[in-house]
Protein chains: 2
Amino acid sequence: MVGRGDEPEVIWARPERTGRGPKPAYRRGDIAAAAVRLADAGGLDAVSMRHVAAELGCGTMSLYNYVPRKEDLYELMVDAVSGEHELWEPTGDWRADMLRVGHQTRALMRRHPWLPRLMSGIYGFSPNALRYLEHCLACLDPLEVSRGTKMELVAMLNAVVTMYVANELAVAERTRSLPWSEERETAVRIAYLGSQVATGAYPRLAATFAEGAGPVDLEAVFERALGRVLDAFTPRG
Amino acid sequence: MVGRGDEPEVIWARPERTGRGPKPAYRRGDIAAAAVRLADAGGLDAVSMRHVAAELGCGTMSLYNYVPRKEDLYELMVDAVSGEHELWEPTGDWRADMLRVGHQTRALMRRHPWLPRLMSGIYGFSPNALRYLEHCLACLDPLEVSRGTKMELVAMLNAVVTMYVANELAVAERTRSLPWSEERETAVRIAYLGSQVATGAYPRLAATFAEGAGPVDLEAVFERALGRVLDAFTPRG
DNA sequence: AGCGCATTACGTACGGCGTACGTAACTACG
DNA sequence: CGTAGTTACGTACGCCGTACGTAATGCGCT
């Protein structure tokens, strides 16, 4: 028996198929796809070993032949959706290319709202993550900074996108498991915020909220954030 | 009976004490402190309603008189450690002040390694969070940009700090619940990464890793990241 | 060809979790 | 002073991850 969780192991290093024994009934991709389907439909909490097994149509414990620990299932999921990144031929305009990367990552995370939560806890060198990283570096070829700096750029871009989307989705994901609506939850929180600001204890905060009374244009905020990150890495001439 | 989780509610809006009935035996602060103690010692997974109740010395279900849902316990925890932020009189040098804020947040998160995980999932307008935000805005008084832009600066600074610390701590937090050491886990993952890079499928990645063979200076990387975020918000003259 | 054994399949079971519910003791307000 | 609203908390339900044991399977060896 090989690696039932008693040895440190990267799941990607474990062969999908070893010589002996009956043929495995599923591929890693099948399992990842099933888990992603469940998470998309019912949130990350809907991804349990039992549910995934049921979705596949096998017994719960059979899953452990493919995935030694639940955490590895998460890694499979992250890799699977990372494969949805479109990788194009770099245009030569690194700024435009990286903007496109940022927007695409955001779209990916909105399609799979559970992704930000997993991204911040996973070490992340799955095959598709490596492909994605290589693609970013290719887009950055025209940028004249050190290789290390390019990595830092990609890291910061991902950090900003991830946290912005996470905040955007926080309420929606929270209310998913609660018996009342997202609007009601938001209203209650805004009301509390208003009451606190109205005490006068936070004058600058009060001024800010008074100024921007209308709803915030999330799209514009995100766009500005991306632009600023890229500016921060543009060599000043 | 008031708000046992059947109504949307911000825990901060609920009075700690209502008129009727026996005196509550604990204050919110006691509960938060107990939970933080457990999380610091045993990771976020050590924070269960049962454990916190035991730490306080009361029955499990008594906790629910103070905290309608577990999520609210998390909010209490985040607020409690947010109170550890040192708030000083702004110096007039907004850049220096914000650098200090960034370093302090990082220190806070290293003291409480479970914090990044909670930060990315919580809406976050607790009393201490408001105080912290107001303080940041005060530090930014000398910066001549719109109020909205200042908020965006604070948001991005927090995003970057949170994700950087989260990555820094990812392996450590992961191995906490596993039977082998952090070093062993890291070694295995690095080995896999090396094997993949060696296939030649990722030339730019390979070059990057060949170049920076030595261990990365996390301190310097973090410092540069902070600097770049602040640069991105400095009006160009 | 046929034996051996690593592997797959999966039922059962254990200890933990969040929390719904019911009951008893208690105290401020009408 | 009664009574209504609160606190305290034991019990119980339905989940969870997963250790373990057993039966079936089919590759690689002699």
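As a basis for the values below, the full set of heavy atoms in this structure was taken, side chains included, without hydrogen atoms, waters or symmetry mates. Below, chains carry the letters A, B, ... as their sequence lines are ordered, and counting in each starts from 1.
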K.L.:
With L130(B), which of T199(A), L193(A), V197(A) fulfils side-chain contact (heavy atoms from CB on, under 4.5 Å)?
P.N.:
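One option only clears the test, and that one is L193(A).
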
K.L.:
Of the candidate nucleotides dC27(D), dG18(C), dA9(C), which contains the atom at the shortest distance from the side chain of K70(B)?
P.N.:
dG18(C)

K.L.:
Among V36(A), V78(A), T105(A), find the one that has a side-chain contact (heavy atoms from CB on, under 4.5 Å) with L115(A).
P.N.:
V78(A)

K.L.:
Find the distance M49(B):CE to dC15(D):C1' and express it as a whole number of Å.
P.N.:
17 Å

K.L.:
Can you find a side chain N or O atom of S62(B) that sits less than 4.0 Å from OP1 or OP2 on dC9(D)?
P.N.:
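Yes, S62(B) has a side-chain N/O under 4.0 Å of OP1/OP2 on dC9(D).
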
K.L.:
5'-most contact on DNA chain C: P24(A) or E71(B), nearest heavy atom basis?
P.N.:
P24(A)

K.L.:
Can you tell me if Y26(B) touches the phosphate of dT7(D), counting only side-chain N or O atoms and a distance under 4.0 Å to OP1 or OP2?
P.N.:
no

K.L.:
What is the nucleic acid contact for A53(B), judged by heavy atoms within less than 4.0 Å: base, sugar-phosphate only, or nothing?
P.N.:
nothing

K.L.:
What integer distance in Å separates L56(B):CG from dA8(D):C1'?
P.N.:
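So the two atoms are 13 Å apart, to the nearest Å.
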
K.L.:
Judged by each residue's nearest nucleotide on DNA chain D, which is more toward the 5′ side, P22(A) or Y66(B)?
P.N.:
Y66(B)

K.L.:
Atom CG of N65(A) to atom P of dC10(C): distance rounded to whole Å?
P.N.:
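For the pair N65(A) CG and dC10(C) P, the rounded distance is 10 Å.
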
K.L.:
Looking at D72(B) and V67(B), would you say the former's side chain and the latter's main chain have a donor-acceptor pair under 3.5 Å?
P.N.:
no

K.L.:
To the nearest Å, how far apart are L63(B) CG and dC17(C) C1'?
P.N.:
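Between C1' of dC17(C) and CG of L63(B): 14 Å.
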
K.L.:
Measure from CG on D45(B) to P on dG18(C) and round the result to the nearest Å.
P.N.:
10 Å

K.L.:
Take the protein atom CG of L73(A) and the nucleotide atom C1' of dC16(D), then report the distance between them rounded to whole Å.
P.N.:
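After rounding, the gap between these two atoms is 14 Å.
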
K.L.:
To the nearest angstrom, how far is R27(B) atom CZ from dT7(D) atom P?
P.N.:
14 Å

K.L.:
Decide yes or no, distance alone: a donor-acceptor N/O pair under 3.5 angstrom between the base of dG18(C) and the side-chain of R69(B).
P.N.:
no

K.L.:
Within the side chain of E134(B), is there an N or O that forms a donor-acceptor pair under 3.5 Å with the backbone of L205(A)?
P.N.:
yes

K.L.:
Of C58(A) and H51(B), whose nearest nucleotide on DNA chain C comes first from the 5' end?
P.N.:
C58(A)

K.L.:
For dC17(C), does either OP1 or OP2 sit under 4.0 Å from a side-chain N or O belonging to S48(B)?
P.N.:
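Yes, S48(B) has a side-chain N/O under 4.0 Å of OP1/OP2 on dC17(C).
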
K.L.:
Nearest to the side chain of R20(A), heavy atoms from C-beta on, is which of dA19(D), dG26(D), dC21(C)?
P.N.:
dG26(D)

K.L.:
I need the single residue from E86(A), E84(A), H85(A) that forms a side-chain hydrogen bond (donor to acceptor under 3.5 Å, both in side chains) with Q104(A). Which is it?
P.N.:
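Output: one option passes, namely E86(A).
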
K.L.:
Looking only at side-chain N and O atoms, does Y64(A) come under 4.0 Å of OP1 or OP2 in dA9(C)?
P.N.:
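No, no such contact exists.
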
K.L.:
Answer yes or no: does a side-chain N or O of R50(B) lie under 4.0 Å from OP1 or OP2 of dC17(C)?
P.N.:
yes

K.L.:
Just the rounded figure in Å: distance from C1' of dC17(C) to CE of M61(B).
P.N.:
12 Å

